[in-house]
Amino acid sequence: MTEPYDAIILGGGAAGLMCAAIAGQRGRRVLVLERAEQAGKKILISGGGRCNFTNLHTAPDRYLSANPHFAKSALSRYTARVFLALVEAHGIAWHEKTLGQLFCDGSAKQIVAMLLEECARGGAEVRCNVDVTAANHADGLFSISANGQTLSARALVIATGGPSIPKMGATGYAYELARQFGLKVVEPRPALVPLTLGGEDVLFRDLSGVAARVDAICGKVRFHEAALFTHRGLSGPAILQISSYWRPGDMVEIDFLPGRPRGWLRETKRTAPRSTLRAVLKDALPDRLAATLADRLGQEGELQTMPDKALDAAEARLARWPFCPNGSEGLAKAEVTSGGISTAELSSKTMEAKKVPGLYAIGEAVDVTGWLGGYNFQWAWSSGWAAAQAL
Ligand code: FDA
């Protein structure tokens, strides 16, 4: 057995690389073990290859967790601005696309190169093609079996992410390890994932490819972004966002004409009595969508022939059009996995397990899931940085 490391970090993704770089720069002897042939593979495919690396509006209320307060400490100490300063220090050009989402002008490769450079600067070693299969703890040391070798360290950091997109090599190893060490795991579920439609709603699949800016609503949560009809159901940013809050059996409602004042259809009847509902919808929505909604509302004829009550009913339906998803496209298509290692088991300041000193968990492996738009990387950076301060 070789000389123990100060810390072994399992997983060379966003959180693991950030943690290794900072801990190394703080003088710790650090080793990252990554099972894929290269580090940061999810970063490389993120944001359509341009990596939406953070969000300027990062705030704890944009994260889902059994404990909504858990993310506050790390997010407030390592902020989006601090990460942006690092990006700029590496000369990486960036732009804000929309809603505070920051992307590389060039390529996500620049973010991976930056993290690897920071690791090198701290002397942190990153070994790829190492599939960790066993970890144990005895006499104050963690020992790791990997590729037939045993390595040891005073601290072990679980940074193996979540199981979404298994074809990228994602695993549920973090949960296995957490359970082995007696830590609870909040049921993992696909999140930021397209929803599928069945039953009556199947007819909407004919709209495959049509997108519109809507409000997607699930319970008390509402997102104003684009929704996209697909051959399997519903997708697009508004739906991906709402999917993180959706549970099987829940309804998703869509406001197809968000922002309209109450009574707008009665008002249209007054100002354009000879218009039809179909024409009114066509003015505001893509043709195929407008036609489908008009068909389903079944209100033909000029507005002036329609009683106000019928207009009110149509208006109410358009503002809360109910869909009953019969499922989601699952982990194979989910951008992240929500749930994970219970935050009740961890210190929010250091990410260390309360009952296993020296064991840490960071990034997506933990039950903290961000909205779409750079929030998940920011959590990876912030939680990785927080753990590195304590290693
Ligand atoms: P991450 O998954 O990055 O890293 C975990 C690492 O552990 C992997 O490299 C894996 O190979 C390794 N590993 C697993 N098991 C192992 C084992 N047994 N032994 C050794 N290594 C092991 N977020 C965002 O904020 N902006 C965006 O633009 C996008 N875009 C995006 C696109 C797509 C297609 C996906 C799938 C996801 C995104 N995300 C995103 C989400 C983001 O990628 C994700 O939240 C972070 O990568 C999580 O960082 P982690 O370091 O926790 O896990």
Side-chain angles (χ1 to χ4, degrees), residues 8-20 31-55 58 62-63 80 83 94 97 99-104 108 111-112 115 126-135 144-147 151 156-177 180 190-194 237 240 244 329 331-338 340-341 351 360-385 387:
I8 291 182
I9 298 173
L10 304 183
L17 292 177
M18 171 59 86
C19 184
L31 173 66
V32 177
L33 300 176
E34 166 55 53
R35 83 196 275 264
E37 67 292 353
Q38 67 182 125
K41 275 178 87 173
K42 270 196 188 167
I43 302 175
L44 293 175
I45 59 160
S46 68
R50 288 223 163 89
C51 186
N52 177 192
F53 54 79
T54 192
N55 193 296
T58 297
R62 285 153 189 231
Y63 292 84
F83 187 76
W94 57 274
K97 197 166 172 190
L99 302 170
Q101 301 168 5
L102 304 192
F103 286 75
C104 298
I111 298 292
V112 176
L115 292 168
V126 181
R127 275 190 218 166
C128 294
N129 290 312
V130 183
D131 195 4
V132 176
T133 46
I144 303 298
S145 306
N147 294 8
L151 301 153
L156 182 67
V157 183
I158 304 175
T160 49
S164 57
I165 323 269
K167 75 167 194 259
M168 290 284 305
T171 69
Y173 186 58
Y175 313 145
E176 199 182 303
L177 213 50
Q180 179 199 323
L192 301 182
V193 65
L240 299 185
S244 299
E329 294 197 25
L331 288 174
K333 292 283 164 65
E335 192 162 308
V336 289
T337 311
S338 66
I341 299 173
M351 306 291 137
Y360 297 76
I362 56 176
E364 196 179 321
V366 178
D367 173 31
V368 174
T369 307
W371 285 3
L372 186 76
Y375 296 98
N376 284 297
F377 278 138
Q378 186 56 44
W379 170 245
W381 318 135
S382 298
S383 59
W385 179 91

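What you are looking at is a predicted structure, and each value in this text was computed from that prediction instead of being measured. Ligands are counted one by one from 1 in listed order, and the atoms in each one are counted from 1 as well.
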So do L177 and L10 actually touch side chain to side chain, heavy atoms under 4.5 Å? yes
Are side-chain heavy atoms of F53 and F83 found at a separation under 4.5 Å? yes
Can you tell me if A170 has a non-hydrogen atom under 4.0 Å from ligand 1? no
Ligand 1 contacted by K41 (non-hydrogen, < 4.0 Å): no
CG of L372 to CD of Q101, rounded to nearest 0.5 Å, is 6.5 Å
At under 4.0 Å between heavy atoms, which part of [X] makes contact with ligand 1: side chain, backbone, both or neither?
| X | result |
| --- | --- |
| A159 | backbone |
| V130 | backbone |
| V336 | side chain |

Between the side chains of T58 and Q378, is a donor N or O closer than 3.5 angstrom to an acceptor N or O? no
Contacting atoms of ligand 1, where contact means under 4.0 angstrom from a heavy atom of [X]:
| X | answer |
| --- | --- |
| G363 | 52 (O) |
| G47 | 28 (O), 30 (N) |
| A14 | 3 (O), 49 (O), 51 (O) |
| N376 | 23 (N), 25 (O), 45 (O) |
| Y375 | 25 (O) |
| N52 | 24 (C), 25 (O), 26 (N), 27 (C), 28 (O) |
| D131 | 17 (C), 18 (N), 19 (N) |

To check your reading of the model: name the closest protein heavy atom to atom 34 (C) of ligand 1, its residue, and the distance in Å. I45 CD1, 3.5 Å
Could you check, using the six-membered ring where one of them is a Trp, whether W381 and F377 have ring centers closer than 6.0 angstrom? yes
